[in-house]
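Taking it in order: structure first as structure tokens, then the write-up.
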Amino acid sequence: MNDPIPSSSSKIDGGSEDETVAAVENGVVVNHSGYRDQLKRQYGLLGLAGIALTVDNAWVALGSSISVSILNGGPPGLIFGLIVALFYYTFIGLGLAEFASSVPTAGGVYHWATIAAGPRHARITGFFTGWINFYGWIFDLAALVQITANISLNMYVIYHKDSYSFQPWHTYMAYLGVLWICAALVIWGNKILPWTQHVGMFFVVVGGIVTIVVLAVMPRERASNYFVWGSFEENNLTGWGGGVAFLLGVLNGAFTVGTPDAITHIAEELPKPRKDLPIAIGLQIGLGFLYAFCFAIVLCYAITDLGILQGGINTYPLVDIYLQATADAQGNHNLGATFGLLFIIWCASMLCCIGTTLTISRLYWALARDNAVPMSSLFSRVNEKLSCPVPATLFVAVVATGIGAIPLGSEVAFLNLAGSFIILTTVSYAIPFTAHILTGRKNFPKGPFHLGKLGMPVNILAVLFITMFDIFYCFPYAIPTNTEVMNYNSIILAGVVAITGIWWVLHARKHYPGPKVMSLYVHDDQGAEVLQGVPSAAEVESPGNKGGKKKN
């Protein structure tokens, strides 16, 4: 693999032991994104692992979204679908870990697609990748906040079931409370954020063990072995044949482990990003699967009535499962035990929302920093005292506020937006993988984690699996289909690409210089920067280069 050729204005610092230094450009030390550091590098490996496990929140995500795919073969479809999801996300995780070890930046796949595409297609490839990745994450944030809002309401309902009358706007009010608490903590609580993620890891890891043990020990009535492991055919209520129904149900497993790029967006807040990011990605996928798998088994043994999983978006089926699992021999519900189990999930989910808000705000800031978004001069600003891109964080919260109101008018529309997270993010992974394959994997320097000869087959398999499963995830959820069960994910993907294409034509084609990583890693055969006829990033004043400490 060829190392990138430095431009005339920069010197690649390939021999430095400081992983935060990529080059010395005109006498200024810059990180791997091509900018000087503006955010505090305050996350060690433990804090990074905390964010990885908390944002993934695998066992909680599986339980909270169980009603999405339980019709695709019941418990067997759920459990074996999770195994399949782990299998193909392993290839994705390996590819992303290699990228992160080579070029750790807050832009993540946005920057890696730019580099992988090479000089001719760098700008447009990275631009579309970044925007597709952003849309996927903003929809995921809305889904996670909605789940946390539902948990919040159900914790109240447990003790007020007889007097409480549900209204959809109650969920939206809880949604707003969760969302803006998260945004406030990301903006003003930066110093305590590493500790919140340590606490989040505690609830995911220790809380997961407690929950698994309780569900394994307390139920007086358990499902049969056949129901858990062999009842696929009778619980396939989709209308599809067994094979198709099973592959469609893998979506639940993908939603469970499908966040491998989350922590890459805080690369510029790590002292050892090249070594620590691959480790954290491995922990996220491996431990996330282990907990989700064990939780799925004990949860399925605790289910005695699948009908309780077939509610709307403003329901939380785990409440009824927990009530069943913790009831005594006479069938009396143990409200305290149910509340305690929900409290564990609520804490893990709340901290997951904080970590996801952190992730997506850094992603949008990275796009703004390179003049890829409207009003880039505003959204690229960083308050260095708070160590936070405040305008970008507020923008994310405002957009999520609007998305969260959609269920008030259409539950189906919101479910499709939330479900599109997997398709949009995996497409954003497939683009740099594909570009990496087509350019012979020659545009990245070797990092501490390098796949070597295995790199090409790993990247090819990742692209093939993403393509196959994303096609299935666009199939109708059930047949015959109607407006209630129609799958609009293909339309959402096409819409995201179309909107991004319009923004490219109106703005980026002439005014987007490409990210600054181009000056470090993207060069023609003679070693010169290639920016396709637009001013270079050094010649165009960066939106973040205005005023005092905000110069990059």
Side-chain angles (χ1 to χ4, degrees), residues 3-14 16 19-39 99-100 102-119 121-131 133-134 264-269 273-274 362-373 376-377 379-382 389 392 432 443-445 507-508 510-524 527-546 549-552:
D3 286 344
I5 306 172
S7 67
S8 58
S9 62
S10 64
K11 180 181 178 182
I12 299 295
D13 192 10
S16 174
E19 295 185 24
T20 69
V21 177
V24 178
E25 189 173 36
N26 297 324
V28 177
V29 174
V30 298
N31 57 36
H32 292 273
S33 68
Y35 293 87
R36 71 170 182 84
D37 277 352
Q38 287 185 284
L39 303 177
F99 282 149
S102 175
V103 183
T105 79
V109 291
Y110 156 51
H111 285 162
W112 301 333
T114 300
I115 298 168
H121 304 293
R123 287 197 312 129
I124 190 169
T125 304
F127 184 84
F128 273 81
T129 301
W131 272 108
N133 189 246
F134 170 77
T264 67
H265 299 297
I266 63 166
E268 294 170 43
E269 298 168 70
R274 303 181 78 201
R362 277 18 177 194
L363 171 58
Y364 195 74
W365 166 65
L367 287 166
R369 197 169 51 172
D370 296 325
N371 198 29
V373 309
S376 290
S377 60
F379 294 119
S380 62
R381 293 176 184 172
V382 172
N443 293 330
F444 283 81
H507 167 76
K510 292 185 178 180
H511 303 291
Y512 167 65
K516 281 194 173 183
V517 293
M518 294 178 67
S519 67
L520 297 175
Y521 302 101
V522 182
H523 306 88
D524 62 17
E529 293 180 27
V530 179
L531 293 173
Q532 297 191 354
V534 300
S536 70
E539 295 169 332
V540 176
E541 184 181 26
S542 171
N545 281 352
K546 297 182 180 180
K549 288 187 176 181
K550 296 181 178 66
K551 291 184 179 180
N552 293 312

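Nothing fancy with the numbering, it's 1 onward along the sequence.
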Could you tell me whether the side chain of [Y] reaches within less than 4.5 Å of the side chain of [X], counting heavy atoms only?
X	Y	value
Ile124	Phe128	yes
Ile115	Pro432	no
Trp131	Val373	yes
Tyr110	Asp370	yes
Val30	Lys516	no
Trp112	Thr264	yes

Kindly write out the residues that satisfy side-chain contact (heavy atoms from CB on, under 4.5 Å) with Ala267, not counting sequence neighbours, or none if the list is empty.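 side-chain contact (heavy atoms from CB on, under 4.5 Å) list for Ala267, sorted by chain: Pro104, Leu277.
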Test side-chain contact (heavy atoms from CB on, under 4.5 Å) applied to Ala366 - qualifying residues, sequence neighbours left out: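 Expected list: Ala106, Arg369.
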Where [X] and [Y] come nearest, the two heavy atoms and their spacing:
X	Y	answer
Gly107	Leu363	O-CD1, 4.0 Å
His32	Tyr521	ND1-OH, 3.1 Å
Thr129	Ala113	OG1-CB, 3.3 Å
His265	Asn133	NE2-OD1, 3.4 Å
Asn371	Pro513	CB-CD, 4.3 Å
Thr114	Met518	CG2-CG, 3.6 Å

Please tell me whether Phe134 and Tyr364 form a close aromatic pair, meaning their ring centres lie under 6.0 Å apart.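 Yes, close enough.
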Looking at Ala116, is its backbone amide N or carbonyl O close enough to the side chain of Asn443 to form a donor-acceptor pair, meaning the two atoms are under 3.5 Å apart?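 Yes.
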How long is the gap from NE2 on His507 to OG on Ser376, to the nearest 0.5 Å?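 So the NE2 of His507 and the OG of Ser376 are separated by 5.5 Å.
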In Å and rounded to the nearest 0.5 Å, what is the CD to CG distance from Glu268 to Leu39?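 Between Glu268 CD and Leu39 CG, I get 7.0 Å after rounding to 0.5 Å.
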Applying side-chain hydrogen bond (donor to acceptor under 3.5 Å, both in side chains), name anything that partners Thr105, two or more places apart in sequence or on another chain.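 By the side-chain hydrogen bond (donor to acceptor under 3.5 Å, both in side chains) rule, Thr105 matches His111.
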